[in-house]
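A short write-up of the structure that comes next.
We use all heavy atoms of the structure for the numbers below, so side chains are in, but hydrogens, waters and symmetry mates are not. These numbers come from a predicted model, not from an experiment. Heads up: numbering here begins at 1 and tracks the sequence.
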Amino acid sequence: MLALDSHKLSRRRLLQWAVGSALGASSRFAALGSLGAIGIASAQAATTTGGYKALVCIYLGGGNDAFNMLVPTDATTYGLYQTARPTVAIPRASLLSITPKTSDGHTYGLHPSMPELQALFAAGKLACVANVGSLLGPTVLSDYQNNTSILPPQLFSHEDQTFQWMTGRPESSETVGWAGHLAEIMQPAGNQGLPINLSVNGNNQFQTGSDSAPYSVDPSGVAAIYALGSDQPTGRVAAFQALIAEAQGSSNLLQSAYGSAVSNTLTLSQQMSSALAQAPTLHTQFPQTDLGGQLAMVAKLISVHSQLGAARQVYFVSTGGFDTHDGQPDAQPGLFQQISQAMSAFYQATVELNVASSVTSFTMSEFGRTLSSNSAGTDHGWGSHHFVMGGAVQGGDIYGTMPNLTLGGPDDADLGRMIPSTSLYQYYAPLARWLGASDADISNIFPYLARFDAGALNFLPGALPSFTMRRSTSGGAIVYDGVIAPNPADIGLAVKVYVAAIVGTTLYLKSPAGWTPYTGGTVPVAAAMTASSSMRVNVASLSSVDNAALSGVQIWLGYGTTEADMLSGKYSLIGTVQ
């Protein structure tokens, strides 16, 4: 049979294979580093042209129990869910039904406190991303049981997992947040203008760069410096200003840097206060909650982005209370209601401001919680579900793979801690790419993305396409078809499809005339077609004897309007003959 096994050959392993393969160092593929690697990401220019875009991170502090947020409703799977957590399970009849565009054979509902998000999901403005967690590579139960090196360090720890989620680097002790890293790529060090990163919840690691920090405001606006307040004596204000000027002119580098930083902060504060004074009055009503107040300020800041000269922004808001070891049935409805009402109001505000397609919001939390329950709560877990919301989001669907909810089953590490099926890298990369990061930038920020199927989550335009393999039989032969869900921007374009197979150390490429070993030169085209929402191409037709003989052969599929386009990353390992 052909197993869907897109993670077994990482790009790094492919590079190692290519170096020693029959391709040789002189081939154009070897020159790129791997199967030319049928498209290991090339250094593409950042797509930061054209219009305003903002990401809004909504952090749920404490570790959100998303297994009560997105719940299976078909009888069999709901039964597993209820058996696993009898004291905190949500009654099946009260769940708010959703109908994902892509069916995995199960049905689902949202927590009864989330009718606003149910409506956004139905409208195609909200997507769910299933079972996301901190991973160093695709991980199965035996990896956890054997404590292999592929496991992230310090699992189930609030502090460590918060660090890993905010940096996007479970493998590193680097303290730079992934939004901080992204901002410094898109807005180089030395910039004295408004930072890309803006926080409405104080300093945070997510937005902290190597040489930068987020600009922070309160939900009520820009915090004033007491010594410069209008109620202060004129002499005191003048003295403070003189101290700043003296520090800036000091020969002491520390004093000079400090004076310049304070002066720049004051300038930015004045600009921000002036811009906010021009903000339009929004008709959208935000809930009077912690999260509602923060998102109301984000909406207000977005409304004046042109006055601030901002083309790209990343916002951070956060609310807590999700560490529900006990009292969960009492606390959780209010927590989920706060999320649902605040996120819905924020989306409606972006519609009112005519920027809905330019603003994408997403949730983060340091870990999920155990599928199993204790007496009246849940404990620290691993994998969790998340929401992505916005006018550009290809919503109304669940992305990624839902876990098997059998306690002690193949996805249960132990004690109901679900092993993630989607990595942080896969979750974050489409967000960064949509904002304008190049594939080269993304590989730099998330270096272990190469170990995963980078195109698995296509919830935003500009994300990598997805590739799958379908097996059927015809006339006694086993037929393998590759199926491509292209980038939305490519639909309607004339594209070329490329098919490759690795047999031992030999690379074969397919053309309409058949399979031939590749030793350099132009890449053969397997098929030419007009890109549609789902493109299918014959990859191989094998007899049962051939199928057995070719066990272990790895099949790759790619497409592009040109060869260079395909090599830039529109490819994937789609299966291994077994």
Side-chain angles (χ1 to χ4, degrees), residues 57-70 129-139 141 143-145 147-181 199 201-208 316-325 328 332 335 339 362-372 374 377-388 400 403 411-429 431 445-449 451-452:
C57 172
I58 301 170
Y59 196 84
L60 309 176
N64 176 40
D65 178 26
F67 291 117
N68 271 6
M69 192 171 71
L70 176 63
V129 184
N131 202 23
V132 186
S134 179
L135 292 172
L136 293 180
T139 300
L141 181 58
D143 295 321
Y144 181 84
Q145 293 172 331
N147 194 27
T148 68
S149 60
I150 206 168
L151 295 178
Q154 303 300 322
L155 289 171
F156 323 127
S157 155
H158 282 294
E159 182 178 0
D160 294 283
Q161 292 304 298
T162 297
F163 172 90
Q164 293 179 23
W165 271 83
M166 289 197 171
T167 63
R169 296 289 299 272
E171 82 287 358
S172 172
S173 59
E174 179 179 310
T175 58
V176 175
W178 71 264
H181 198 162
S199 173
N201 199 269
N203 288 333
N204 59 86
Q205 195 164 37
F206 167 64
Q207 295 179 307
T208 300
F316 178 82
V317 300
S318 178
T319 191
F322 293 88
D323 194 19
T324 51
H325 288 281
Q328 181 168 304
Q332 197 171 58
L335 292 169
I339 295 171
F362 62 100
T363 61
M364 284 174 27
S365 190
E366 58 261 44
F367 41 62
R369 305 195 72 79
T370 52
L371 178 66
S372 58
N374 55 41
T378 52
D379 298 316
H380 298 182
W382 194 355
S384 188
H385 312 318
H386 288 275
F387 290 133
V388 185
D411 293 332
D412 181 2
D414 63 7
L415 304 175
R417 293 163 170 156
M418 293 292 104
I419 300 171
S421 50
T422 295
S423 73
L424 300 183
Y425 312 101
Q426 291 168 293
Y427 182 41
Y428 294 158
L431 296 164
I445 298 171
F446 309 117
Y448 280 19
L449 177 63
R451 294 181 171 184
F452 300 89

**Request:** Kindly determine whether Phe163 and Arg169 satisfy side chain to side chain contact (heavy atoms under 4.5 Å, CB included), including the steps that lead there.
**Result:** CA-CA 8 Å; Phe163 172 90; Arg169 296 289 299 272; 6.0 Å; no
Measure the [atom1]-[atom2] distance between [X] and [Y] for me, rounded to the nearest 0.5 Å.
X: Thr378; Y: Leu371; atom1: OG1; atom2: CG; value: 9.5 Å
X: Asn68; Y: Gln332; atom1: CG; atom2: CD; value: 4.5 Å
X: Ser365; Y: Ile58; atom1: OG; atom2: CD1; value: 12.0 Å
X: Asp379; Y: Asn374; atom1: CG; atom2: CG; value: 4.5 Å
X: Leu151; Y: Gln154; atom1: CG; atom2: CD; value: 12.0 Å
X: Trp382; Y: Tyr144; atom1: CH2; atom2: OH; value: 7.0 Å

Show the nearest heavy-atom pair for residues [X] and [Y], with the distance to one decimal.
X: Gly400; Y: Ala130; result: C-CB, 4.4 Å
X: Phe67; Y: Pro403; result: CE2-CG, 4.0 Å
X: Ser372; Y: Thr370; result: O-OG1, 2.8 Å
X: Cys57; Y: Met364; result: SG-SD, 3.5 Å
X: Ala66; Y: Ser384; result: CB-OG, 3.3 Å

Please work out whether the ring planes of [X] and [Y] are parallel, tilted or perpendicular, with thresholds of 30° and 60°.
X: Trp178; Y: Phe206; answer: perpendicular
X: Trp165; Y: His386; answer: tilted
X: Tyr425; Y: Phe446; answer: perpendicular

**Item:** side-chain contact (heavy atoms from CB on, under 4.5 Å) partner of Ile419, chosen from Asp412, Asp414, Leu141, Asp143
**Value:** Leu141
Can you find a heavy atom in the side chain of [X] that is under 4.5 Å from one in the side chain of [Y]?
X: Ser199; Y: Asn204; value: yes
X: Tyr59; Y: Asn201; value: no
X: Val388; Y: Val129; value: yes
X: Met69; Y: Phe387; value: yes

**Complete:** Given the options Glu366, His325, Arg417, His380 meets side-chain hydrogen bond (donor to acceptor under 3.5 Å, both in side chains) only with His325
**Request:** With Ser421 as reference, evaluate Thr139, Asp411, Asn131 under the side-chain hydrogen bond (donor to acceptor under 3.5 Å, both in side chains) test and give the passing residue.
**Result:**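 Running side-chain hydrogen bond (donor to acceptor under 3.5 Å, both in side chains) over Thr139, Asp411, Asn131 with Ser421 returns exactly one hit, Asn131.
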**Step-by-step side chain to side chain contact (heavy atoms under 4.5 Å, CB included) determination, Tyr428 to Ile445** = CA-CA 10 Å; Tyr428 294 158; Ile445 298 171; over 6 Å; no
**Request:** Could you tell me which residues satisfy salt bridge (Lys or Arg N to Asp or Glu O under 4.0 Å) with Asp323, sequence neighbours excluded, listed by chain and number?
**Result:**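 Applying salt bridge (Lys or Arg N to Asp or Glu O under 4.0 Å) to Asp323 gives Arg369.
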**Message:** Donor-acceptor check, side chain of Ser134 to backbone of Gln164, threshold 3.5 angstrom: yes or no?
**Reply:** no
**Derivation of the side chain to side chain contact (heavy atoms under 4.5 Å, CB included) call for Phe322 and Ile339** = CA-CA 11 Å; Phe322 293 88; Ile339 295 171; 3.8 Å; yes
**Asked** Can you list the steps and then say if Leu424 with Val132 is a side chain to side chain contact (heavy atoms under 4.5 Å, CB included)?
**Response** CA-CA 6 Å; Leu424 300 183; Val132 186; 4.2 Å; yes
